[in-house]
Amino acid sequence: MLVWLSLVLCYLAFLALALAMPRHHEQLRSRKPGRGLVWLLRITGAVLLGLSAWPALIWWGNPAVAVSSWLGILSVAAFAVAMMLTYAPGWWRTTLAGAGTAAILLLVLPVFLHP
């Protein structure tokens, strides 16, 4: 479950970083982002990327294995965001809502499943 949490957090981070770029922001929202919004999205993306390493470290335990696996997870999430921006830019709100919901469920669900 923690691997999925790491993947979802990476996806959200890359989506925030993509929205921080004026070209992608205008492509997705039909307007240029404000300066404050750009910084907010950049900080959010950076924080989410940092947080996405935590589940990988817990899951694999060994830092060397965790970092190499986390880099693979980063690659998968970046590829997913790139493909979404290329082939289905209208789905960004749906994927944002789905990934956000999945992240919340993956954080809360183990509390209820643990005896």
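These numbers were taken from a predicted model, which means no experiment stands behind them.
Screening His24, Gln27, Met84 for a side chain to side chain contact (heavy atoms under 4.5 Å, CB included) involving Pro89 leaves a single residue, Gln27.
In terms of heavy atoms, Leu106 sits closest to Val8 at CD1-CG2, 4.3 Å. Here the closest heavy-atom approach between residue Pro22 and residue Pro33 is recorded as CA-CD, 3.9 Å. Residues Leu7 and Ile73 share a closest heavy-atom pair of CA-CG2, 3.6 Å. Nearest heavy-atom pair across Ala103 and Leu5 is O-CD1, 3.9 Å. Nearest heavy-atom pair across His25 and Arg31 is CD2-O, 3.2 Å. In plain terms, the two heavy atoms of Trp70 and Ser52 that are nearest each other are NE1-OG, 2.9 Å.
For Trp60, the CH2 atom is densely surrounded, since the number of other residues' heavy atoms within 6.0 Å is greater than 12.
Between Leu109 atom CG and Ile104 atom CD1 the span is 12.5 Å, to the nearest 0.5 Å. With rounding to the nearest 0.5 angstrom, the CG atom of Leu41 is 10.5 Å from the CG atom of Leu48.
A continuous path of hydrophobic side-chain contacts links Tyr11 to Ile43 [ILVMFWY only; heavy atoms under 4.5 Å]. Residues Trp91 and Leu28 do not share a hydrophobic cluster, defined by chaining ILVMFWY side chains whose heavy atoms lie under 4.5 Å apart. Placement of Leu105 and Leu9 in two distinct hydrophobic clusters is found when ILVMFWY residues are connected by side-chain heavy-atom separations under 4.5 Å, directly or transitively. Taken together through direct or relayed side-chain contacts under 4.5 Å among Ile, Leu, Val, Met, Phe, Trp and Tyr, Leu71 and Val3 form part of one hydrophobic cluster. At a threshold of 4.5 Å between side-chain heavy atoms, the hydrophobic network of Ile, Leu, Val, Met, Phe, Trp and Tyr places Trp39 and Leu19 in two separate groups.
Distance alone, capped at 3.5 Å, places no donor-acceptor pair between the Thr86 side chain and the Met83 backbone. For the pair Thr95 (side chain) and Trp92 (backbone), a donor-acceptor distance under 3.5 Å is present. Although no hydrogens or angles enter the test, the distance criterion places no donor-acceptor pair under 3.5 Å between the side chain of Ser6 and the main chain of Leu2.
Taking the side chain as every heavy atom from C-beta outward, Leu49 and Leu74 approach each other to under 4.5 Å.
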